[in-house]
Structure formats: C-alpha cells, structure tokens
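Quick notes on the structure that follows.
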Amino acid sequence: MSRAPRHPRPQYASVSSPDSSFTQASQPQHYTSSRSSYPTFLSLQETVRLQLLCAGRGLVDAFRWDTVIRLVASDSEIRSNVLKSLMLNVVSLVSIYFFDWLLLPLAQSQQKWFHRNLGWFYQVLWLLPVVGASFYLNSSWCTLIAKRTFTLQHGSRAVAQPPSTYSGMLNALATSAYRAVMVFTSVVVSFALAYIPYVGPIAGFAFLCWVDAYYCFEFIWIARGFSLSRRVRHLEERWAYYFAFGLPTAALCMWGSSLANAALFALFFPAYIIMAMYARPLPLDPYNPTMSVGHREDGAEGDVVRYPSPLIPIRIPVFAPVIWLNDWIVRILSVGTSTGGASGYNTSSKRDAGAGMQHKRVPSDSVESVEEGEGIELHSVSSRSAVPDDTLEIGTMATVIQDAIMLLGDSITQFAFASEGYAAKLADAYIRKMDVVNRGFSGYNTEWMLSIFEQCFATKRNVDQGLAQKVRILVIWLGANDATLPHSAHHVPLVRYKANLASLIRAVRAPDSPRYSPDTAVVVLTPPPVEPERWARNLALLTETPLAPPDRDFDQAKAYAEAARQVGVREGVPVVDVWTKMWEAAGRDKARVGQFLSDGLHLNAEGYKIVYEELIAIIAKEYPQYHYDNLQTTFVEYSDIFTDPMNYRKLTQKRSAFTSQPALKARL
C-alpha cells in the first residue's frame with residue numbers, strides 16, 4: 001500500500017495538532033513548506049517500533065474492562081441501558097444458536113413438509129423479529145450510553161448540538177442515510193474480500209478489525225462534531241492503533257454464522273463504546289509520531305520533526321472501496337442530479353492536482369464531509385463572497401470599524417465577560433477604541449486550539465483587504481486543561497504543551513505565516529493555581545455524578561505555569577505570571593488560594609482583578625502605544641460635533657485610534 005496523495009506538509013517547529021496548518025520551524029521566524037527541506041525521516045526500524053507501540057496501546061485500550069465495570073457500577077443511567085442491552089442481546093443470541101445448532105440440523109433430515117420447514121417458520125415468526133428488534137433497540141441504547149459517558153467526561157456543553165435549521169436537519173438526514181449505506185457497503189466489501197485467493201481471508205479479517213473499531217469510536221467522533229470524511233481520515237492515519245483496538249471483537253465474532261457473529265458483536269458493543277470513550281488513539285500526530293508515542297532517545301524536546309519512514313504508509317485507505325461503492329449507490333439513487341465527486345478521496349485528489357503547484361496545504365482534517373460531496377479548505381471560507389472583490393462597497397465592510405484585542409483561551413477566558421471578569425474590564429477600558437473579541441473555548445487544550453486558531457485569526461491578506469479586523473493585542477491564556485492529570489482526556493504532555501504554545505505565537509510573528517501580523521502585540525498568561533479537591537466536588541455536583549478522584553494537581557499546574565513562562569521568554573513575548581501573582585497574593589498558602597477561585601478552577605472577581613491589573617501593566621510597559629490612555633476614540637465625542645453641527649457628516653467619519661501612528665517597538 002502507498003501513501004494517500006496530499007499537499008506538501010509545512011515543517012513544524014515542534015509538535016502540533018494534525019489539524020493545524022501552522023507552519024513552525026526551529027527558528028522563531030522561519031517557515032518552510034518545500035518538501036526538499038523536510039526534517040530527517042525515521043529509520044524503517046524506528047517506524048516499525050512506533051507502529052507496534054501504537055498497536056500495543058490499541059490492544060491495551062481494548063481490554064479496559066475495569067473502566068467499563070467501574071462506570072457501569074457508578075452511574076445508574078448507564079447501568080440501566082447496559083443491562084437492557086445485555087438481556088435483549090442474550091435472548092437474540094440464544095435464539096440464533098438454538099436455530100443454528102438444533103433446529104436446522106434436525107429439519108434437514110426430516111421427510112415431512114412441516115418438519116422440513118419448521119426452521120423456516122421459526123425464522124419468520126420468532127428469530128428475525130427478535131433479532132431486528134434487538135438491533136434497533138440496541139442502537140438506541142448504545143447512543144444513550146455514548147452520550148451519557150461523553151457528558152460525564154466533558155460536560156453537556158461539550159457535545160455537538162443537533163442542527164436547528166431546516167437545511168441543517170436535511171443535511172443530518174442525508175448524513176444518516178449515507179451512514180446506513182456505508183454499513184451495507186462495509187458488509188459487502190468484507191464478504192467480497194473473502195473470495196480473493198490466498199490473501200482474501202487475512203485481508204477480510206483485517207478489514208473487519210478496522211470496521212469494528214470505526215463503529216466503536218463513531219459515537220465520540222460524532223459528539224465532537226467530526227464530519228464523515230474526518231472520521232475516516234482519522235482512522236486511516238492511525239491504522240495500527242485501530243487495527244489492534246478492533247482485533248478482540250473481530251476475533252471473537254468470526255466463528256459462527258453471519259447473524260450469530262453480528263449478535264455477538266452487538267452484545268459486547270456497549271462495553272467497547274465505553275472503552276473507546278476513555279481511549280487515547282496514537283499517534284496524536286501521524287506526521288510526527290515520536291512526540292506522540294514517546295520521548296526522543298536523544299533527549300530533544302521535539303523542536304525538530306522526524307517523519308515516519310517512507311517505506312511505511314502514514315495513511316492506509318482502508319475505506320476507499322467502501323466510499324467508492326457508496327458513491328455509485330448515491331449516483332444511482334440520485335438520478336437526474338449532479339453528484340460530482342462525492343468521495344473524500346476523489347475531492348482530495350482533485351484539489352491536490354489543482355492546488356499542488358501553488359504549494360497550498362489542505363489541513364489533515366479540513367476535507368469537507370464525504371456525504372456533502374465537495375471539499376472546502378478552511379482558510380478559504382472566510383474570504384469567499386458572492387460579490388467580486390473589486391465590487392465590494394463600504395456597506396459590506398460595516399462591521400470592520402476598529403481594531404481588536406483578541407483573548408484566546410479556555411473556559412477561564414470564556415467566562416471572563418461575566419460581571420467583574422477581566423474581559424469585561426478590558427472592554428470597558430477600550431470602549432470605542434478597540435473591540436475586545438473573546439475566543440475562549442471551555443474544555444479546550446492547546447492541542448485542539450491549534451485548529452481553532454486558524455479559523456479565528458484572519459489571514460494577512462484578508463486584513464490588508466479590509467475584510468477582517470486587525471488584531472492589535474493577542475492574549476494567549478491556555479494550559480489549565482493541558483495540566484490535567486494523564487488519565488484525563490484533556491491532558492497534553494508538558495513538552496507538547498510548550499511546543500503548541502510556541503506554535504500559536506509563531507503563527508502570528510513569523511513573516512512566512514499566512515497570519516503574519518507584525519502590528520500584533522502578543523502577551524502570554526500562565527495558568528492559575530488550582531484547588532484539586534474543591535474542583536472535584538464541584539464537578540461532581542455540576543455533572544450529577546459520584547465524586548471521583550481529582551483530575552488536577554497543584555504542583556502540576558505550577559509546572560505548566562513555569563513552562564508557559566519559559567516559552568514566552570524563549571519566543572521574546574511578555575508574560576503575565578498569573579500563577580505566581582496569585583500565589584504571592586495568597587501569602588504562599590494553599591489554603592488561601594481559594595479566595596481567587598470560584599470553584600477550585602475558574603476565577604472569581606478577585607482573581608480576574610489581578611489578571612486585569614497585571615495585563616494592563618504589561619501593556620503600559622511593553623506596548624505603550626496600545627494602552628487605552630494613548631488611544632483616541634475611533635469616532636469623535638458628541639461635544640466635538642457641537643462645535644460645528646452643520647458639518648456633522650464630515651466630523652462623524654471613522655478615524656484611527658492612534659493619534660500619531662507611533663512606530664511599533666523593534667521587538668514586534
């Protein structure tokens with residue numbers, strides 16, 4: 001098998017999410033996208049070892065029965081649905097084996113018509129209705145189990161919301177229909193593979209391993225809002241892990257009849273959904289697997305990317321025949337309509353051919369959903385318009401009134417517009433001078449934020465054309481979720497956290513970046529102290545679940561705060577050391593840290609007050625040209641209009657917030 005065609009992948013300075021299109025390099029302002037300048041590839045032996053480690057991790061995750069038992073025992077809703085599924089599937093399985101092992105052999109040796117057809121009557125009147133009802137109800141119960149498990153892990157707000165618009169509901173129905181067709185074509189492909197001489201049975205078994213793993217993980221992918229093509233790509237780029245995860249169920253469900261194997265899989269399906277919810281597929285970045293699976297043997301922190309050996313495929317197109325069959329079925333059913341190329345593989349290839357000469361990269365997971373049939377690059381969405389660029393009128397840019405301060409962070413930033421929050425204080429201080437844009441995402445870590453940032457921060461081209469706000473101050477406040485303990489799904493290893501933080505900074509400061517913004521002042525905030533036990537109690541109350549061991553640690557939060565400070569120093573940007581400021585304000589007493597926290601994790605008014613005051617002090621010291629006292633309002637005060645009311649149209653035209661447009665400091 002060969003690698004799937006892709007655009008040249010930009011060189012990474014350090015580890016980043018595979019979803020991110022940020023260019024990174026070992027030097028703060030050096031970006032490279034040419035394939036000739038790729039970092040050193042891993043040897044064949046190293047790549048094989050890493051893939052075996054990924055497969056080993058998948059096998060371990062597929063035997064986490066202790067997690068299943070603990071969750072079923074602790075939550076009544078999950079326990080109820082699991083028991084209902086178990087009982088109904090046992091009835092279905094017993095009915096199937098009763099027919100296969102008893103009725104069918106007996107009926108074949110009978111002479112009388114009724115006796116010979118007893119098995120047929122049994123199938124029509126009992127077996128097929130029971131199995132059909134079992135599969136239907138099991139699907140509903142498994143969905144409830146998956147949603148409840150995901151909610152217990154991430155909270156109800158983390159679940160992707162169902163579509164509320166008419167077009168959204170139509171798209172959801174089309175997606176469901178496409179998924180149903182995909183189940184059918186997967187079965188067809190698995191049967192077809194068995195007829196290939198010699199390698200057929202092995203290929204068919206391997207395919208079933210991937211199919212089983214896909215459907216175990218599909219619930220969590222849907223909950224996270226993954227499109228169908230993104231789910232397929234995610235599995236195909238981590239083929240070793242998912243093969244091993246699906247191995248136990250595929251091996252267990254291969255000895256009986258097809259119906260018995262399907263019923264046996266349905267029996268274990270709820271348990272494997274729970275295991276998938278708590279699994280962490282590896283590698284996190286298939287194009288830099290050393291940082292995902294283990295530390296470099298030479299002790300490097302990952303500033304140099306080492307790609308897998310070209311002899312081992314990064315992506316195996318496992319579902320290519322399934323998607324191909326799906327496309328043909330859709331074309332047949334869509335008589336008279338233009339289907340184009342519905343396949344995620346086809347659209348990707350076409351885009352590769354069209355854009356390859358321009359060296360534009362399609363992000364790993366930005367391909368449009370397969371069921372929608374068209375691929376759209378994320379970075380091009382914001383610049384699309386039904387009106388040609390040269391015919392845009394002033395009215396179309398009415399929202400681009402003044403420059404902005406962007407606050408990039410997690411829930412601590414998201415909640416910062418609450419009363420006495422630091423975002424609210426900033427908005428008040430900069431009213432009519434700069435907009436304060438809150439880009440806080442509850443529950444997010446730096447790994448996920450890499451993909452978010454490229455959709456939040458406009459490209460230099462769009463800003464220069466006046467199609468987007470110019471961000472004058474970028475405040476990066478991430479790390480509270482990265483610093484969770486390793487068993488948490490939010491956790492990001494310390495080395496990766498530092499690399500991701502550096503990637504966000506370099507995406508704005510490196511001249512070759514599409515989001516290069518030399519006028520943007522970057523400020524990094526360190527994560528604050530935490531009260532692990534208090535947060536665990538509040539989380540249990542919030543999610544209405546039994547009290548669980550804390551997923552955070554005081555010293556770990558301190559380590560991530562120090563890491564953020566180190567990244568700021570290394571990248572040459574000022575840092576607000578929130579952790580130290582709060583620790584000192586608490587008299588270096590853990591028992592007094594809580595006076596700045598509302599629930600053990602998030603800040604209260606006193607905590608946000610410290611952040612606001614320290615941030616304003618940093619702006620005054622490092623970026624005085626952006627301090628609110630040195631800016632004027634973008635529109636004159638009403639008292640100025642009073643001086644010449646007949647000339648109000650001229651007086652009310654937008655003006656720059658900078659009175660003399662001071663030169664930016666050399667450090668920018």
Side-chain angles (χ1 to χ4, degrees), residues 153-155 409-416 418-423 425 440 442-446 475-498 501 523-543 545-569 574-618:
Q153 278 191 291
H154 307 286
D410 46 41
S411 57
I412 303 178
T413 297
Q414 180 175 319
F415 303 155
S419 178
E420 300 301 320
Y422 96 99
K425 290 177 178 291
S442 176
Y444 275 66
N445 55 32
T446 55
V475 179
I476 303 176
W477 195 5
L478 291 162
N481 292 316
D482 301 68
T484 52
L485 297 177
H487 70 267
S488 171
H490 299 276
H491 175 73
V492 173
L494 189 64
V495 172
R496 288 187 63 82
Y497 167 67
K498 295 170 67 175
L501 206 56
V523 181
V524 172
L525 274 60
T526 71
V530 295
E531 291 182 299
E533 290 76 16
R534 181 184 174 194
W535 168 245
R537 292 194 299 270
N538 280 283
L539 185 62
L541 292 174
L542 180 66
T543 58
T545 58
L547 181 63
D551 62 349
R552 298 171 191 271
D553 179 77
F554 184 85
D555 291 330
Q556 178 126 325
K558 179 180 179 181
Y560 278 70
E562 175 60 23
R565 192 192 65 79
Q566 292 174 1
V567 171
V569 172
V575 177
V576 175
D577 194 346
V578 177
W579 198 97
T580 300
K581 292 298 180 182
M582 289 188 178
W583 178 239
E584 291 176 349
R588 298 180 176 271
D589 183 359
K590 286 186 180 181
R592 296 176 57 190
V593 167
Q595 64 183 300
F596 305 113
L597 305 174
S598 63
D599 54 11
L601 174 64
H602 302 101
L603 274 58
N604 58 19
E606 291 300 315
Y608 280 129
K609 180 181 179 182
I610 292 176
V611 174
Y612 172 75
E613 291 176 350
E614 293 298 325
L615 178 59
I616 290 299
I618 283 287

>> Side chains of Gln595 and Glu606, heavy atoms from C-beta outward: is any pair under 4.5 Å?
In response: no
>> Are the side chains of Glu531 and Leu601 in contact, using a 4.5 Å heavy-atom criterion?
In response: no
> Do you know the tightest heavy-atom contact between Tyr422 and Thr413?
Replying inline: OH-OG1, 4.4 Å
> Do side-chain atoms of Asn481 reach the backbone of Tyr444 as a donor and acceptor pair under 3.5 angstrom?
Replying inline: yes
>> When you compare the side chain of Thr526 with that of Val576, does any pair of heavy atoms fall below 4.5 Å?
In response: no
> Please walk me through it: do Ile610 and Val578 pass side chain to side chain contact (heavy atoms under 4.5 Å, CB included)?
Replying inline: CA-CA 8 Å; Ile610 292 176; Val578 177; 5.8 Å; no
>> For a side chain to side chain contact (heavy atoms under 4.5 Å, CB included) check, start with the C-alpha distance between Leu541 and Leu539, then their side-chain angles and the critical distance, and finish with the verdict.
In response: CA-CA 5 Å; Leu541 292 174; Leu539 185 62; over 6 Å; no
> Should Glu533 and Arg537 count as an ion pair when the cut-off is N to O under 4.0 Å?
Replying inline: no
> Between Leu615 and Val475, does a side chain to side chain contact (heavy atoms under 4.5 Å, CB included) hold up when you go through it step by step?
Replying inline: CA-CA 9 Å; Leu615 178 59; Val475 179; 4.1 Å; yes
> Is there side-chain contact between Leu525 and Glu614, with heavy atoms separated by less than 4.5 Å?
Replying inline: no
>> Just checking Phe596 against Trp583, ring centres under 6.0 Å apart?
In response: no
>> So Leu603 and Val611, do their side chains get closer than 4.5 Å, heavy atoms only?
In response: yes
>> More than 12 heavy atoms of other residues, nucleotides or ligands under 6.0 Å from NZ of Lys581: yes or no?
In response: no
> Do you know the tightest heavy-atom contact between Arg592 and Gly587?
Replying inline: NH1-CA, 4.1 Å
> So do the side chains of Pro529 and Trp579 get within less than 4.5 Å of each other, counting heavy atoms only?
Replying inline: yes
> Quick one: are Glu420 and Lys425 in side-chain contact, heavy atoms under 4.5 Å?
Replying inline: yes
> Does any N or O in the side chain of Asp599 come within less than 3.5 Å of the main-chain N or O of Asn538, such that one atom is a donor and the other an acceptor?
Replying inline: no
> If we only count heavy atoms from C-beta on, is the Trp535 to His602 side-chain gap below 4.5 Å?
Replying inline: yes
> Counting only heavy atoms not in Tyr560, do more than 12 sit closer than 6.0 Å to its OH atom?
Replying inline: yes
> For Leu597, does its backbone N or O pair with a side-chain atom of Arg534 as donor and acceptor, under 3.5 Å?
Replying inline: yes
>> I'd like to know if the side chain of Asn445 reaches the main chain of His490, judged simply by a donor and an acceptor atom lying under 3.5 Å from each other, with no hydrogens or angles considered.
In response: yes
>> Keeping Tyr497 on the side-chain end and His491 on the backbone end, is there a donor-acceptor pair under 3.5 Å?
In response: no
>> Does either side chain, that of Thr446 or that of Asp482, offer a donor lying less than 3.5 Å from an acceptor on the other one?
In response: yes
